[in-house]
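The structure presented is a predicted model; accordingly, all values stated were derived computationally and were not measured. Note on naming: letters A, B, ... go to the chains in the order of the sequence lines (proteins, then strands), and numbering restarts at 1 for each one. Scope of the values below: all heavy atoms of this structure, side chains included, with no hydrogens, waters or symmetry mates.
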Amino acid sequence: MHWVDVYAEKLLELGSNHIIESGTGISGQPHLGSAGDIIYADGIHKKIIEMGGSSRAIWAMDDMDGLRKVPAQLPKEFEQYIGQPAFKLPCPDGCCDSFVEHFTSPFLEELARADVKPEAVSVAQMYIDGKYDEVVRIALEKASEIRVIFEDISGSVREEDWLPFFPICQNCGKILSTKAYEFDGRKVKYRCRGGIAGKADIPGCGHEGEVGIREGKLPWRVEWAARWSHLGVTCEPMGKDLTAAGGTYETSSIICEQLFGSKAPMPVPYEFIVMSGKKLGKSIGRVLTFGDMAKIVTPEISKYFFFRSQPTAHKNIDFEFAIPKLAEDYENAERVFFGDTSNVPEKEIEDIKRSYELSQISGMPDAPGQASYSHLLSIIQTNLDLEGNVDWDGVLKTLARTDNITQLDERTMAKGNAVKTWLDTTAPEDVKFAIQKEMPADIELNDDERKFITELAGAISKVNWEAGLIHDAIYETSQACELKAGQCFKALYKIFLGKNRGPRLGFLLASLDRDFVVGRIEEATKI
RNA sequence: GGGCCCGUAGCUUAGCUAGGUAGAGCGCCCGGCUCUUAACCGGGUGGUCUUGGGUUCGAAUCCCAUCGGGCUCGCCA
């Protein structure tokens with residue numbers, strides 16, 4: 001059984017109403033891993049409903065959290081906001097109402113296009129609206145119990161007067177720099193004495209004051225427990241960092257059960273996504289969000305990436321070399337789904353079909369997609385104009401010949417655009433080819449190849465300029481020279497592309513100017 | 001020091017949540033093809049499933065231990 005269904009069934013054994021939560025810190029653009037968190041939750045959520053249970057998928061944005069450091073893409077001026085809660089920050093580009101909206105709305109739109117539509121909940125808004133009043137009050141009143149739990153689970157000792165609450169300083173606006181020390185049942189007294197975020201110190205302003213319980217937040221582990229209890233969360237995917245013993249999940253579970261009297265949700269631990277050891281430098285650009293991935297391989301294939309293996313399996317995404325392979329895996333799953341189960345072990349058929357199904361975004365297609373990613377990769381490059389734009393009519397002509405496709409349907413266009421995006425962004429030079437306007441400087445031809453080229457120079461000038469005839473002329477010349485055709489094709493690729501391989505030569509050359517081709521071949525006889 | 005995850009062919013890996021003779025892709029080798037969609041077709045090479053125990057009629061799979069890798073907790077989202 002597919003792991004998504006295993007979780008859904010386990011949950012339904014526990015009860016029929018479920019809240020599947022996911023959550024993301026808003027300290028910049030949410031990355032691919034955050035999207036995975038929500039995609040996993042969405043898969044389980046949908047399965048529960050499909051099996052007759054009721055379920056809500058909730059996505060909590062942690063916008064009450066203080067800004068720890070300035071993300072790379074933000075202007076330096078944002079340093080002034082370090083320590084302040086995210087929900088109060090302005091939009092970095094002035095295009096949205098707020099910092100949070102700037103990052104979350106594109107993220108949610110990208111996911112929505114993949115048919116992943118959780119109910120978004122602002123944590124800050126829950127505090128401000130008083131939704132957390134009760135849990136905050138319980139936490140403050142039972143501060144000593146929480147302190148004991150922290151000590152038992154993780155061995156960390158808090159100060160005598162420690163309170164599980166971080167007020168927003170009324171003077172400097174920071175939330176990472178305050179220390180609450182007294183709760184009188186209504187107000188919390190605090191000192192803005194400075195704090196720590198990662199390795200950096202967050203200086204405080206020294207202000208002393210008191211705030212209401214809606215003007216600050218609980219510490220993470222307490223807040224998580226409070227949220228579970230308040231929303232009735234029954235299941236939540238989480239990164240493996242949170243599931244370590246003595247870690248966040250364990251502590252929060254105990255707080256949830258002991259203080260709030262609620263059962264902790266079923267965790268769905270998952271591995272982090274690794275980007276093939278490559279740094280996310282300028283060469284790879286911004287390619288680390290779900291939207292970027294969806295543009296490079298389509299939303300369906302992006303979802304397939306998450307569903308095809310166990311959430312705990314290591315996930316290595318390589319935006320350079322592994323993209324066609326990922327697409328091929330998906331296309332293979334598609335064939336399996338539509339009944340071609342050759343090459344697939346019996347045992348895996350069910351899960352492969354299910355992974356494919358989970359990856360769809362607008363119902364089940366009634367037939368496999370027609371053109372493969374790899375094929376499009378090749379034919380799109382043979383149909384680029386000088387500005388690098390795709391000649392879709394040319395692509396269609398090729399597809400008509402190779403795949404019997406009479407029109408570019410939505411799926412084919414989506415895949416074609418994805419291929420083009422990949423070529424324009426992270427595709428490695430190895431998979432790219434382009435007609436060399438000048439004879440490539442550093443190529444070498446051996447005696448056989450030179451002989452072939454010389455023969456061909458005579459033959460090619462007499463050929464009618466049609467793909468099939470050009471191809472025949474090349475083949476016949478190779479036979480006449482008693483050479484392997486493969487070697488001869490290679491020689492031509494070298495002089496036209498500067499590479500050893502390429503797309504079908506007859507069609508490639510036919511699309512070029514005849515004089516140019518003949519001229520290049522004649523030029524090559526002098527190498 | 002504690003915990004979690006991973007370890008299967010040269011490489012990438014499936015199978016572990018059904019215990020039933022280890023499967024695939026890439027690569028490589030041979031053969032074929034009026035010979036190329038960075039292909040295709042046929043055949044082949046290649047794994048003591050990290051290692052050692054245990055349970056079992058039977059273990060890659062379950063249990064215990066071991067080694068190696070990654071991550072994480074002990075300050076802190």
### Task
Would you mind telling me which of B:rU34, B:rC6, B:rA77 lies closest to the side-chain atoms of A:Thr312?
B:rC6

### Task
Mind calculating the distance between OH (A:Tyr249) and C1' (B:rU72) to the nearest angstrom?
17 Å

### Query
Taking a pair as Watson-Crick (N1 to N3 plus N6-O4 or O6-N4) or G-U wobble (N1-O2 and O6-N3), both under 3.5 Å, which stems of 3 or more consecutive pairs involve RNA chain B?
B:1-7 with B:67-73, B:10-13 with B:23-26, B:28-32 with B:40-44, B:51-54 with B:62-65

So which protein nitrogen or oxygen atoms get under 3.5 Å of nucleotides 39-41 of chain B's nitrogens or oxygens?
none

### Query
Across the strands shown, which category fits A:Tyr493 at heavy-atom distances under 4.0 angstrom: base, sugar-phosphate, nothing?
base

### Message
Rounding to an integer number of Å, can you tell me how far A:Ile474 CD1 sits from B:rC35 P?
### Response
14 Å

### Query
So which nucleotide from B:rA38, B:rA77, B:rU17 ends up closest to the side chain of A:Lys217?
B:rA77

### Query
Expressed in angstrom and rounded to an integer, what is the separation of A:Glu350 atom CD from B:rA18 atom C1'?
10 Å

### Task
Assess the side chains of A:Ser374 and A:Glu328: does a donor N or O sit below 3.5 Å from an acceptor N or O?
yes

### Donor on one side chain, acceptor on other, A:Thr421 and A:Asp424, under 3.5 Å
no

### Task
Using the C1' atom on both, measure B:rA9 against B:rU50 and round to a whole Å.
15 Å

### 4.5 Å side-chain heavy-atom contact, A:Lys217 and A:Pro85
no

### Query
So, is A:Ser378 near the phosphate of B:rA38, with a side-chain N or O under 4.0 Å from OP1 or OP2?
yes

### Message
On RNA chain B, compare the nucleotides closest to A:Tyr7 and A:Phe166; which residue's is nearer the 5' end?
### Response
A:Tyr7

#### Entry: Donor + acceptor pair across side chains of A:Ser252, A:Arg221 (<3.5 Å)
no

#### Entry: Charged N-O contact under 4.0 Å between A:Glu357 and A:Arg354
yes

### Query
Of the nucleotides B:rU34, B:rC5, B:rA77, which one has an atom closest to the side chain of A:Tyr475?
B:rU34

## Note on the structure
Ranking B:rA14, B:rC6, B:rG15 by distance to the side chain of A:Gln310, first place goes to B:rG15

### Message
Which nucleotide wins on minimum distance to the side chain of A:Ser309, given the candidates B:rA14, B:rC35, B:rA77?
### Response
B:rA14

### Query
Distance between the P atoms of B:rA18 and B:rC62, in whole angstroms?
10 Å

#### Entry: Spacing of the P atoms in B:rU66 and B:rG23 (rounded, Å)
32 Å

## Note on the structure
Which of B:rC35, B:rC73, B:rU34 is nearest the side chain of A:Arg221? It is B:rC73

### Message
Could you tell me how far apart A:Leu376 (CG) and B:rA38 (P) are, to the nearest whole angstrom?
### Response
11 Å

### Task
Using atom CG of A:Leu67 as one end and atom C1' of B:rA77 as the other, report the distance to the nearest whole Å.
13 Å

### Query
Nearest to the side chain of A:Lys325 - B:rU34, B:rA38, B:rG25?
B:rG25

#### Entry: Which residue lies more 5' along RNA chain B, comparing A:Asp472 with A:Met1 via nearest heavy atoms
A:Met1

### Query
Heavy-atom count around A:Lys46 NZ within 6.0 Å, excluding the residue itself: above 12?
yes

### Separation of the P atoms in B:rG2 and B:rC64, to the nearest angstrom
16 Å

#### Entry: A:Lys303 NZ/CZ over A:Phe306 ring centroid, <6.0 Å and within 45° of normal
no

### Message
Of the listed nucleotides (B:rU17, B:rU34, B:rA77), which one gets closest to any side-chain atom of A:Val6?
### Response
B:rU17

### Message
Give me the distance, rounded to whole Å, that separates B:rC30 from B:rU34 when you measure between the C1' atoms they each carry.
### Response
23 Å

### Message
Students often get this wrong, so: under 4.0 angstrom with heavy atoms, is A:Gln479 touching a base, only sugar-phosphate, or nothing?
### Response
nothing

### Message
Taking any heavy-atom pair under 4.0 Å as a contact, classify A:Asp62: base, sugar-phosphate, or nothing.
### Response
base

### Message
Ignoring hydrogens and geometry beyond distance, is a side-chain donor-acceptor pair present between A:Glu223 and A:Tyr127 at under 3.5 Å?
### Response
yes

### Task
Could you check how far CH2 of A:Trp220 sits from C1' of B:rC75, rounded to whole Å?
18 Å

### Query
Between A:Thr248 and A:Trp224, is any side-chain donor less than 3.5 angstrom from a side-chain acceptor?
no

### Message
I need the CG-P distance between A:Asp37 and B:rA77, as an integer number of Å.
### Response
18 Å

### Query
For A:Trp59 and A:Glu21, does a side-chain donor sit closer than 3.5 Å to a side-chain acceptor?
no

### Query
Quick one: A:Asp351 CG to B:rU13 P, roughly how many Å, whole number?
19 Å

### Query
Given the side-chain rings of A:Tyr356 and A:Tyr304, with only the six-membered ring counted for Trp, is the space between their centroids under 6.0 Å?
no

### Query
Any donor-acceptor pair under 3.5 Å linking the side chain of A:His18 with the backbone of A:Leu11?
yes

### Message
I'd like the P distance from B:rG47 over to B:rC5, given in whole Å.
### Response
30 Å

### Query
Expressed in whole Å, how much space separates the C1' atoms belonging to B:rC6 and B:rC49?
14 Å

### Message
From C-beta outward on A:Lys10, which listed nucleotide comes closest to its side chain: B:rU17, B:rA38, B:rC6?
### Response
B:rU17

### Query
Which whole number of Å gives the distance between the P atom of B:rC63 and that of B:rU17?
8 Å

### Task
Determine the contact category for A:Arg158: base if any of its heavy atoms lies under 4.0 Å from a base atom, sugar-phosphate if only primed atoms, P, OP1 or OP2 are that close, otherwise nothing.
sugar-phosphate

